[in-house]
S.K.: 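Take this structure, written in structure tokens, and hold onto it; I'll ask about it next.
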Amino acid sequence: MRRALLPLLLAAALLGGCSTPDPAPAPAPAGGAAALPGPVPADLALRPAPGTAPAAPPFTGALTDGTPLAAAELWAQRPVVLTFFSSWCTTCASRQAALSELARTYQDRVVFVGVAGADQADEVQDYLRAHRVEYPVVLDDQQTIWRSYAVREPPAVVLVAKGGALLRGWPGGLEPATLDRQLRELVLAGH
């Protein structure tokens, strides 16, 4: 009887009965496609942009997971806050928790997009995870997006209205409470 069971046990082992578990899949990169916004809320009401506002420089880039992003597609539907940062920037780090909270507060009404420049992809990932950044982040290795917005060093924040009008930029960044006031003036309902 034992000899009859041995071939069955060997066959079961070869067919996967004794296989080792697959390693856990790597977590999705922070700042990738999973962080893109959902649908625009039906009750979103916005203050119109001044007719004298210049157009924001459109750009395309790759998110942290390689997903292409066209900024103009985002601001065609709702306002966008661009946050220019680097993982080594201490001012960026000190303001990031409050910026991340603002992004969660305005989720789907206003899209926050990080633009990481002068940095390494793995260091950006460490920064995004450490600071719980849940919005999409474009890697701007050559700083071409930074240059199109005249950003020389981080931090910097830019507010773009629905439709692509450049409302305001803050070289050196700004306190999150000030940005919140600006957003409350822009978003009229549903906040």
Side-chain angles (χ1 to χ4, degrees), residues 19-39 56-160 166 169-180 183:
S19 66
T20 58
D22 291 333
L36 288 168
F59 65 88
T60 58
L63 297 178
T64 59
D65 64 359
T67 301
L69 175 88
E73 290 177 12
L74 292 177
W75 64 55
Q77 301 179 350
R78 58 193 124 198
V80 173
V81 173
L82 301 173
T83 64
F84 294 86
F85 73 97
S86 292
S87 66
W88 46 262
C89 169
T90 56
T91 303
C92 302
S94 69
R95 294 179 180 161
Q96 188 60 63
L99 281 174
S100 293
E101 184 58 35
L102 273 179
R104 285 187 285 278
T105 299
Y106 286 94
Q107 183 177 2
D108 297 332
R109 298 181 183 292
V110 176
V111 179
F112 281 64
V113 176
V115 183
D119 222 326
Q120 301 297 317
D122 58 337
E123 292 171 1
V124 171
Q125 278 302 302
D126 292 343
Y127 177 94
L128 299 178
R129 287 198 165 89
H131 296 285
R132 295 183 55 225
V133 177
E134 298 169 3
Y135 50 82
V137 174
V138 174
L139 298 176
D140 188 20
D141 299 339
Q142 302 301 312
Q143 295 179 289
T144 52
I145 302 168
W146 279 37
R147 281 192 298 279
S148 70
Y149 281 87
V151 175
R152 293 192 176 132
E153 63 183 342
V157 175
V158 173
L159 180 56
V160 180
L166 181 61
W170 293 271
L174 76 160
E175 291 300 321
T178 304
L179 179 57
D180 186 34
L183 294 175

S.K.: For Thr144, check side chain to side chain donor-acceptor pair (under 3.5 Å) against everything at least two apart and list the hits.
M.R.: Asp140
S.K.: Counting N and O atoms only, with roles assigned by atom type, does the side chain of Tyr149 sit under 3.5 Å from a partner on the main chain of Pro57, one being a donor and the other an acceptor?
M.R.: yes
S.K.: Does anything in residues 122-132 pair up under salt bridge (charged side-chain N to carboxylate O under 4.0 Å, His left out), and if so which pairs, sequence neighbours excluded?
M.R.: Arg132-Glu134
S.K.: If you compare all heavy atoms of Val138 against all heavy atoms of Gly61, which two are closest, and at what distance to 0.1 Å?
M.R.: CG1-CA, 3.9 Å
S.K.: If you measure from CH2 on Trp170 to CG on Leu82, what distance do you get to the nearest 0.5 Å?
M.R.: 11.0 Å
S.K.: Can you name the ring pair (Phe, Tyr, Trp, His ring centres under 6.0 Å) partners of Tyr127, sequence neighbours left out?
M.R.: Phe85, His131
S.K.: Kindly write out the residues that satisfy side chain to side chain donor-acceptor pair (under 3.5 Å) with Ser87, not counting sequence neighbours, or none if the list is empty.
M.R.: Asp119
S.K.: Quick check: closest heavy atoms across Asp108 and Pro39, and the distance to 0.1 Å?
M.R.: CB-O, 3.8 Å
S.K.: Of the non-hydrogen atoms in Pro155 and Cys92, which two are nearest, and what is the gap between them?
M.R.: CB-SG, 3.6 Å
S.K.: Quick one: list whatever passes side chain to side chain donor-acceptor pair (under 3.5 Å) with Arg152, sequence neighbours left out.
M.R.: none
S.K.: Can you see which heavy atom on Ala121 is nearest to which on Leu139, and at what distance?
M.R.: CB-CD1, 4.2 Å
S.K.: Report the residues that fulfil side chain to side chain donor-acceptor pair (under 3.5 Å) with Thr178, sequence neighbours left out, ordered by chain and then residue number.
M.R.: Arg181
S.K.: Enumerate the salt bridge (charged side-chain N to carboxylate O under 4.0 Å, His left out) contacts for residues 80-92, please, sequence neighbours excluded, ordered by first and then second residue.
M.R.: none
S.K.: Can you pull the salt bridge (charged side-chain N to carboxylate O under 4.0 Å, His left out) pairs that have at least one residue in residues 78-103, sequence neighbours excluded?
M.R.: Arg95-Glu175, Glu101-Arg104
S.K.: Under 3.5 Å, which donor-acceptor pairs link side chains of residues 67-77 to any protein atom two or more places apart or in another chain?
M.R.:
unit_1: Thr67; atom_1: OG1; unit_2: Asp65; atom_2: OD1; d: 2.8
unit_1: Thr67; atom_1: OG1; unit_2: Asp65; atom_2: OD2; d: 3.3

S.K.: With the side chain counted from C-beta on, respond yes when Val137 and Thr83 share a heavy-atom pair under 4.5 Å apart, and no when they do not.
M.R.: no
S.K.: How would you list, by chain and number, every residue that makes a ring pair (Phe, Tyr, Trp, His ring centres under 6.0 Å) with Phe59, sequence neighbours excluded?
M.R.: none
S.K.: Locate the shortest heavy-atom distance separating Ala30 from Thr64; write the atom from each residue and the value.
M.R.: O-OG1, 2.5 Å
S.K.: If you define the side chain from C-beta out and look only at heavy atoms, does anything of Leu183 sit under 4.5 Å from Val81?
M.R.: yes
S.K.: If I take atom CG from residue Leu179 and atom CG from residue Leu174, how far apart are they, to the nearest 0.5 angstrom?
M.R.: 5.0 Å
S.K.: For Pro171, check side-chain contact (heavy atoms from CB on, under 4.5 Å) against everything at least two apart and list the hits.
M.R.: none
S.K.: List the atom of Phe112, the atom of Leu99, and the distance in Å for their closest heavy-atom pair.
M.R.: CE2-O, 4.1 Å
S.K.: Flag the pair Trp146 / Val115 as yes when at least one side-chain heavy-atom distance between them is below 4.5 Å, and no otherwise.
M.R.: yes
